[in-house]
> 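Okay, handing you the structure first.
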Amino acid sequence: MKESLKILKIGGNVINDPIALEEFLFHFAQIPSKKILIHGGGKKASEMAEELGLEPKMVNGRRITDLATLEIVTMVYAGLLNKNIVANLQKNQCNAIGLSGADGNCILAHKRVVKEIDYGFAGDVDSIDVKTISALLNSQLTPVFCAITHDKNGQLLNTNADTIASELSIGLSEKYDVELIYCFEKNGVLRDVNDNHSVIEKINKPYFEALKKDRIVAEGMLPKLENCFAALEKGVQKVTIGSPNVFYETKQKCTTLIL
Ligand SMILES: Nc1ncnc2c1ncn2[C@@H]1O[C@H](COP(=O)(O)OP(=O)(O)O)[C@@H](O)[C@H]1O
Ligand SMILES: CC(=O)N[C@@H](CCC(=O)OP(=O)(O)O)C(=O)O
């Protein structure tokens, strides 16, 4: 049997809520198995961009990343947020190590190419380095990845944090029994986005297509669900979407993805 590995991703709205973040990190630090945290921070990056006079542009849940935006997201994700999260985990006796995809060459990506949309310096993941990440885990370190990758040609790339979580889970499932948990500010995928009690508890692929068609899922939820199914299809054991307490509150409702 493979050793178990929990991979959690935390979204930008939770990161912007200091009390919710503190509580999440306290409980994350207590997870007894090997674990990895991936964090976004889109909300903070948008705030910073606006303060600097740049208008944030998102298309289908992904940020159009020109050079000035790349500088801002690198500072916000790989600097401010990553280091604060690592320091908070250290406070909770979790020996975290903060990384971008360039560190240790952990996540290799290429510029996102979509014919009709120029995303600029946004990246899509090519591969992850299972050996290096496993070596960190075996040294009792807890990797904390931000949403910055590189192309091995000196170029940093802004990469959707949900995609990073999914790709890390897929790559590492060759060696570990991986459970992937997406934590964000709502209780799961909702029938009515304004009603936090309307959690859809199970979604398979045909149901996802129907939810898309009926516009029940939109914006950032689209890439999140696509990433969930990609992970399940490529060997990840279990994928869940829920609130920041979903991994320790057993009675908390959430969305489980099934094939
Ligand atoms: N059916 C839905 N259920 C829950 N959230 C939804 C739904 N449809 C769209 N969304 C939107 O998707 C957002 C989550 O995506 P995103 O902002 O990318 O999350 P994260 O903060 O984890 O990166 C929610 O804040 C919500 O506004
Ligand atoms: C290319 C792209 O869209 N990158 C994302 C990376 C951060 C992210 O994914 O943050 P959340 O998890 O908080 O949404 C962005 O800049 O918004």
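Whatever order the structure lists ligands and atoms in, that order sets their numbers, starting from 1.
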> Among all protein non-hydrogen atoms, which one is nearest to atom 5 (C) of ligand 2, and what is the separation to 0.1 Å?
Asn158 OD1, 3.7 Å
> Between Tyr77 and ligand 2, which part of the residue brings a heavy atom under 4.0 Å of the ligand: side chain, backbone, both or neither?
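Near ligand 2, Tyr77 shows its side chain, while the N, CA, C and O stay back.
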> Should Pro223 be listed as contacting ligand 1, given a heavy-atom distance under 4.0 Å as the test?
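No heavy atom of Pro223 comes that close to ligand 1.
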> Under 3.5 Å between any N/O of Gly11 and any N/O of ligand 2: does that happen in this structure?
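Checking ligand 2 against Gly11, no N or O pair falls under 3.5 Å apart.
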> Just to be sure I read this right, does ligand 2 sit under 4.0 Å from the backbone of Ala161, its side chain, both, or neither, counting only heavy atoms?
both
> Hey, does Arg191 sit under 4.0 Å from ligand 1 if you only count heavy atoms?
no
> Is a donor on one side and an acceptor on the other found under 3.5 Å between the side chain of Asp151 and the backbone of Gln155?
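Answer holds: yes.
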> Which is closest to atom 8 (C) of ligand 2 by heavy-atom distance: Gly123, Ala49, Gly40?
Gly40
> Which residue and atom name correspond to the protein heavy atom nearest atom 7 (C) of ligand 1, and how close is it?
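Going atom by atom, the protein heavy atom closest to atom 7 (C) of ligand 1 ends up being Val193 CG2, 3.6 Å.
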> With side chain to side chain donor-acceptor pair (under 3.5 Å) as the test, pick out the partner of Arg62 among Asn158, Thr159, Asp162, Thr163.
Thr163
> Quick one: are Lys35 and Leu8 in side-chain contact, heavy atoms under 4.5 Å?
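Side chain of Lys35 against side chain of Leu8, heavy atoms only: no contact under 4.5 Å found.
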> What protein heavy atom lies closest to atom 17 (O) of ligand 2? Include the residue and the distance to one decimal.
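Nearest neighbour among protein heavy atoms for atom 17 (O) of ligand 2, to 0.1 Å: Arg63 NH2, 3.0 Å.
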> Just let me know how Lys9 lines up against ligand 2, side chain, backbone, both or neither, with a heavy-atom cut-off below 4.0 Å.
side chain
> Counting heavy atoms only, name the option from Ser198, Gly220, Ala161 that's nearest to atom 16 (P) of ligand 1.
Gly220
> Work out whether the distance between some heavy atom of Gly41 and some atom of ligand 2 is less than 4.0 Å.
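A heavy atom of Gly41 does come that close to ligand 2.
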> Taking the minimum heavy-atom distance to atom 3 (N) of ligand 1, which of Leu190, Thr255, Asn160, Ile15 ranks first?
Leu190
> Tell me which part of Asp162 gets within contact of ligand 2: side chain, backbone, both or neither, using heavy atoms under 4.0 Å.
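It is neither part, as no heavy atom is under 4.0 Å.
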> Nearest protein heavy-atom contact for atom 25 (O) of ligand 1: which residue, which atom, what distance?
Glu185 OE2, 2.5 Å
> Relative to atom 21 (O) of ligand 1, which among Gly61, Cys183, Ala165, Gly12 owns the nearest non-hydrogen atom?
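Ranked by closest heavy atom to atom 21 (O) of ligand 1, first place is Gly12.
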> Give the residue, atom name and distance (to 0.1 Å) of the protein heavy atom nearest atom 13 (O) of ligand 2.
Gly12 N, 2.8 Å
> Under 3.5 Å, is there a donor on one side chain and an acceptor on the other for His197 and Asn187?
no
